[in-house]
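Report on one structure; see the data block that follows.
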Amino acid sequence: MMDVLIDTDAADRLVADMLPALPGERIALREAIGRVLRQIVRAETAQPPFDRVMMDGVALRWRDELSRRLRVAGAQMAGEVGQALRDDDDCIDVTTGAVLPEGCDCVIPVERFRRDGDVVALEEGYDPARGQFIHRRGADCAEGAVVLEGGVRIGGPEMSMLASNGVATVEVARAPRIAIISTGDELVPVEATLRPGQIRRSNDLALAASLERGGFDRVSLHHVLDDRDAVRDSLDALLRAHDVLVLSGGVSMGQRDFVPDCLESLGVRCVLHGIAQRPGKPIWVGIGPESQAVFALPGNPVSSLVCMTRYVRPALLRASGLAVPVEYASIRGDTGKPLRLARFLPVRLESDPSGTLLAHARGWSNSGDFTALGGTHGIVELPPERSIAEGAPVRVFRW
Ligand SMILES: Nc1nc2c(c(=O)[nH]1)N[C@H]1C(S)=C(S)[C@@H](COP(=O)(O)OP(=O)(O)OC[C@H]3O[C@@H](n4cnc5c(N)ncnc54)[C@H](O)[C@@H]3O)O[C@H]1N2
Ligand code: MOO
């Protein structure tokens, strides 16, 4: 393995080409928050669907010489219809969101008149404009217009459009079934009492957090001991029941690093093994007999999280149909010496007053040093064999 290491972008492309597009599924709108939309949404009606009153007040017919005292001839509250203005010296009580009563073309807010029983006296000198405070039918979009394309994550704005256009069930990318598998005899559950040489399993929860932040919530966690048969049997069963396997540990050169061999013996074809980067160099990626994506990440906590953030989650998002934006920041602080490998450094992000995104590099000792990650927002990728000047633009990948 790793005779010729490929670079980070080539690795990214290999992973993208390997992953089949995720199929779609139709789910209830309420369940769709955070999922990737896979349908076009058209306006069910013109928007707004009727001439909509925009202020609480009275509606009237505008004239050049508007009477300063108007009789309130009726009321039309939001949700009601049927009122019509019959006399030009009358007005109709209205509320925000009401249908504009027939015959009216001007709304005067309550702040601009005094009310005395059935009579409204306009504020002295107040000169309303024809059409004011009316949101006209169809002003925002025509019936049948496309208001949403697929390939966006469903958040607040998308929800508001889906709901207002009556999309009660929505076509989204199917959430892949993902198994996260920790390998290693030294690993014990979070709640265990540690014996000498043992450490708590943390990678699986860190990786799950990253996936769930990306909207992938069908995630199960598993642990396998460093035993060839146990690894093989577990992987065999897990491959049958999942679309994606994310392993941590067991991919390097150790006597008990069985993962790549076991995967290949189960028919998982190696797509890449080793990327010219630190950390995360020994990553192994393959594709299973049923097109399952298999990511075997190096066990060091920082390495596994870097590989997840740089390759795995973006690839799954792309397979869901989402355009993953490329983000750059201006690097600040000590970035260390160049290597022949690309380097990833944890960073804190903030914007300066000119609107430039700054990435403050956080030093670390090695890829097992997860304590350096606390309070960071992501990583930056520094290209190989170049020293990076303060202020240089670098790619950012948020956790
Ligand atoms: N002779 C060589 N040795 C190593 C090389 C190499 O090229 N030649 N590469 C090093 C690099 S770089 C990395 S990264 C690691 C990757 O090793 P593995 O993927 O085989 O990972 P393990 O040895 O199983 O574990 C490494 C480290 O991480 C801890 N770990 C593992 N899983 C978890 C978990 N779920 N939660 C928390 N911590 C975990 C594990 O205890 C080890 O300390 O190999 C180098 N060696
Ligand atoms: O590549 Mo390893 O991930 O540095 O420790």
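By convention here, the first residue in the shown sequence is residue 1. The analysis underlying the following values was restricted to heavy atoms, covering all of them including side chains, and did not include hydrogens, waters or symmetry mates. It should be emphasised that the depicted structure is a prediction, and the values quoted were computed from it without experimental measurement. Just so you know, ligand 1 is whichever comes first in the structure, and atom 1 is the first atom listed for that ligand.
Put simply, the side chain of I181 does not reach to within 4.5 Å of the side chain of S248, judged on heavy atoms. In this structure the side chain of V231 never reaches within 4.5 angstrom of the side chain of D229, judged on heavy atoms. You'll find the side chain of L357 stays beyond 4.5 Å of the side chain of E350, heavy atoms only. At least one side-chain heavy atom of V380 sits less than 4.5 Å from a side-chain heavy atom of I331.
With hydrogens and angles left out, the side-chain atoms of T169 and R26 include a donor and acceptor closer than 3.5 Å. Looking at D140 and H135, their side chains do bring a donor and an acceptor atom within 3.5 Å of each other.
Under 4.0 angstrom from ligand 1, there are no non-hydrogen atoms of R278.
Counting the atoms of ligand 2 from 1 in the order shown, those under 4.0 Å from a heavy atom of P279 are 1 (O), 3 (O), 4 (O). In summary, the atoms of ligand 2 found under 4.0 Å from a heavy atom of P282, numbered by their order in the structure, are 1 (O). With ligand atoms numbered from 1 in the order given, ligand 2 contributes 2 (Mo), 3 (O), 5 (O) to contacts under 4.0 Å with heavy atoms of S303. The ligand atoms of ligand 1 that sit less than 4.0 angstrom from a heavy atom of S182 are 35 (N).
Considering both main-chain and side-chain atoms, S303 never comes within under 3.5 Å of ligand 1 through any nitrogen or oxygen pair. An N or O contact shorter than 3.5 Å is missing between P298 and ligand 1 by distance. For the pair D257 and ligand 1, the shortest N or O to N or O distance falls below 3.5 Å. In terms of polar-atom proximity, defined here as any N/O pair under 3.5 Å, P282 makes no such contact with ligand 1. Annotation: S202 places an N or O atom under 3.5 Å from an N or O atom of ligand 1; distance criterion only. Between N203 and ligand 1, at least one N/O pair is under 3.5 Å apart. Checked by distance only, ligand 2 and G280 come closer than 3.5 Å through their nitrogen or oxygen atoms. Taking only nitrogen or oxygen atoms, main chain and side chain alike, R278 does not reach within less than 3.5 Å of ligand 2. Checked against a 3.5 angstrom limit, the closest N/O atoms of Q277 and ligand 2 fall outside it.
At the top of the distance list for atom 5 (O) of ligand 2, counting protein heavy atoms only, stands S367 OG, 2.1 Å.
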* To do: Begin from the C-alpha positions of I154 and I33 and carry the test side chain to side chain contact (heavy atoms under 4.5 Å, CB included) through to its verdict.
  => CA-CA 5 Å; I154 299 175; I33 298 167; 5.6 Å; no
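Look at D87 and R71 and you find no salt bridge, because none of the NZ, NE, NH1 or NH2 atoms lies under 4.0 Å from a carboxylate O.
For atom 28 (O) of ligand 1, the candidate residues are S248, G299, G184; the nearest heavy-atom contact is made by G299.
In E65, the CD atom is not crowded: 12 or fewer heavy atoms of neighbouring residues, nucleotides or ligands sit closer than 6.0 Å. More than 12 non-hydrogen atoms from other residues, nucleotides or ligands lie less than 6.0 angstrom from CZ of R200.
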